[in-house]
Protein chains: 2
Amino acid sequence: MMKKIKLMSFEEWEKKKLKNPEFRKYARQADDDPFVATALQLIRARKKKNLTQSQLAKLAKTSQEAISRMESLDYRGYSLSVLEKVADALGKKVLITLT
Amino acid sequence: MMKKIKLMSFEEWEKKKLKNPEFRKYARQADDDPFVATALQLIRARKKKNLTQSQLAKLAKTSQEAISRMESLDYRGYSLSVLEKVADALGKKVLITLT
DNA sequence: ATATTATATATCAAAATTGATATAATGTCA
DNA sequence: TGACATTATATCAATTTTGATATATAATAT
């Protein structure tokens, strides 16, 4: 991890992903589904900081796998405390609203 | 559960609770701590609908204990999926923002 | 085009949450 | 005020999440 790679930007990544019908199906739910919405926010924030999942995992004191799961649009099992840890490592604060 | 009792309103409840230094200590963190903020929002929403924890638990297909834990200002373990279930039972949508 | 690195996910053990039951302390009602 | 109901939480089993390891596929670097 001496060499810093340049990750694809969120926008490029999203554009690429939207070519996949499966991804499109999920992405359409972002407004209604806190998991999908959160996953996309996490991916955006991570790519913005140009961190790999492994690097973020290290900063958040969790595992690369946990990060991957949380970024997956169809994973719905993680805890709020893991989310808070990861968000913190991304320099973000978690704001939860019941609307 | 034939007879509907009248729960103390959130405002009254909060006023009463704020007399306790321990509660005050936690309540002060609501702006910085998603758990505290969420707990208070859950309590407010539940009392607004005049539901007991048991009634809400039933609607959310979870347990009274789970509700109590989530409403506790010092509990930090629950999953986002349980939160979503409970919010849904309260007629609320969970909105998560990383700010 | 090839070498290297990142990501998604399978397997499974370890850790944590959830639920059932019970109950003391607190709240509501008659 | 006493009877009844609600809430917070202890104990512990059942269930789920997290982490370690591994690896096929995809992305990035050269």
Side-chain angles (χ1 to χ4, degrees), chain A residues 1-17 19-20 22-23 26 35 38-40 42-44 46-47 49-86 89, chain B residues 1-17 19-20 22-23 26 35 38-40 42-44 46-47 49-86 89:
Chain A
M1 210 291 294
M2 289 295 50
K3 225 153 211 173
K4 214 64 157 150
I5 66 160
K6 182 66 170 59
L7 295 172
M8 197 185 305
S9 77
F10 178 79
E11 287 73 28
E12 266 184 280
W13 172 87
E14 188 180 39
K15 189 172 179 186
K16 190 183 177 74
K17 282 283 204 174
K19 287 175 180 166
N20 175 352
E22 197 70 12
F23 181 88
Y26 279 115
F35 290 98
T38 307
L40 293 175
L42 285 171
I43 296 165
R44 183 189 287 273
R46 179 173 63 82
K47 285 178 179 294
K49 293 182 79 81
N50 198 45
L51 295 174
T52 64
Q53 291 183 345
S54 300
Q55 289 166 336
L56 177 57
K58 197 170 210 170
L59 288 175
K61 296 187 170 69
T62 187
S63 68
Q64 180 266 324
E65 201 201 38
I67 303 292
S68 184
R69 278 190 195 129
M70 292 175 75
E71 290 188 358
S72 166
L73 301 196
D74 67 358
Y75 186 66
R76 315 179 71 77
Y78 57 88
S79 68
L80 193 45
S81 52
V82 172
L83 173 60
E84 194 195 31
K85 270 202 305 190
V86 174
Chain B
M1 208 294 294
M2 286 310 348
K3 225 159 210 177
K4 260 270 212 231
I5 66 158
K6 181 66 170 61
L7 297 172
M8 196 184 304
S9 78
F10 178 80
E11 287 72 28
E12 265 184 280
W13 172 87
E14 189 180 37
K15 188 170 178 188
K16 190 185 178 69
K17 282 282 204 178
K19 287 177 182 167
N20 176 351
E22 197 70 11
F23 182 87
Y26 279 115
F35 290 98
T38 307
L40 294 174
L42 286 171
I43 296 165
R44 183 189 288 273
R46 178 173 64 82
K47 284 176 179 295
K49 293 184 79 79
N50 199 45
L51 295 174
T52 65
Q53 291 183 345
S54 299
Q55 289 165 340
L56 177 56
K58 196 169 209 172
L59 287 174
K61 296 188 170 69
T62 186
S63 67
Q64 179 266 324
E65 199 199 40
I67 304 291
S68 184
R69 279 190 193 129
M70 292 175 74
E71 290 187 355
S72 166
L73 300 196
D74 68 357
Y75 185 66
R76 316 179 69 78
Y78 58 87
S79 68
L80 201 42
S81 53
V82 172
L83 173 60
E84 194 195 32
K85 267 202 304 188
V86 173

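Order of the sequence lines sets the chain letters (A, B, ...), proteins ahead of strands, with each chain counted from 1.
Screening A:K15, A:E14, A:K16 for a side chain to side chain contact (heavy atoms under 4.5 Å, CB included) with A:M8, the sole residue that qualifies is A:K16.
Atom P of nucleotide D:dT28 and atom CD of A:E12 are separated by 8 Å, given to the nearest angstrom. Counting to the nearest Å, the C1' atom of C:dT7 and the CG atom of A:L56 are 13 Å from each other. Straight-line distance from the NZ atom of A:K6 to the P atom of D:dA27: 15 Å, rounded to whole Å. What separates OH of A:Y75 from P of D:dT16 is a distance of 11 Å, to the nearest Å. As rounded to whole Å, 18 Å separates atom P of C:dA25 from atom CD of B:E22. Distance CG (B:N20) to C1' (C:dT26): 13 Å, rounded to an integer number of Å. One can place CG of A:L51 at 15 Å from C1' of C:dT7, the figure rounded to the nearest angstrom. In this structure, B:Y78 atom OH and C:dA16 atom C1' are separated by 16 Å, rounded to whole Å.
Under 3.5 Å, the side chain of A:E65 and the base of C:dA10 form at least one donor-acceptor pair of N or O atoms. In this model, a side-chain donor or acceptor of B:Q64 finds a partner on the base of D:dA8 within 3.5 Å.
B:S81 and B:S79 are linked by a side-chain donor-acceptor pair at a separation below 3.5 angstrom, with hydrogens and angles left out of the test.
Taking for each of B:K47 and B:L80 the nucleotide of DNA chain C with the nearest heavy atom, the 5'-most of the two is the partner of B:L80.
Checking D:dT6, D:dT28, C:dT7 against every side-chain atom of B:I5, the shortest atom distance belongs to D:dT6. Side-chain atoms of A:Q53 lie closest to C:dA8 of the nucleotides D:dT18, C:dA20, C:dA8. Side-chain proximity of B:R69 to C:dA8, C:dT18, D:dT18: nearest is C:dT18. Closest contact between the side chain of B:R46 and the listed nucleotides D:dT7, D:dG19, C:dG19 involves D:dT7.
Contact check for A:K49 versus A:Q55: no side-chain heavy atoms found under the 4.5 Å cut-off. Inter-residue side-chain proximity for A:Y75 and A:S68 is flagged as unmet; no heavy-atom pair is nearer than 4.5 Å.
Within 4.0 Å of B:S68, counting heavy atoms only, lies at least one base atom of the nucleic acid. A:K16 comes within contact range of the sugar-phosphate backbone alone, with a heavy-atom separation under 4.0 Å but no base atom that close. Across all strands shown, A:L7 has heavy atoms under 4.0 Å from sugar-phosphate atoms exclusively, and none from any base.
Of the side-chain N and O atoms in B:T62, none sit less than 4.0 angstrom from OP1 or OP2 of C:dT18. Residue A:S79 places at least one side-chain N or O under 4.0 Å from the OP1 or OP2 atom of D:dT18. For C:dT5, neither phosphate oxygen OP1 nor OP2 lies less than 4.0 angstrom from any side-chain nitrogen or oxygen of A:T52.
Around atom NZ of B:K47, more than 12 heavy atoms belonging to other residues, nucleotides or ligands sit under 6.0 Å away.
In terms of heavy atoms, B:K17 sits closest to B:F23 at O-CB, 3.4 Å.
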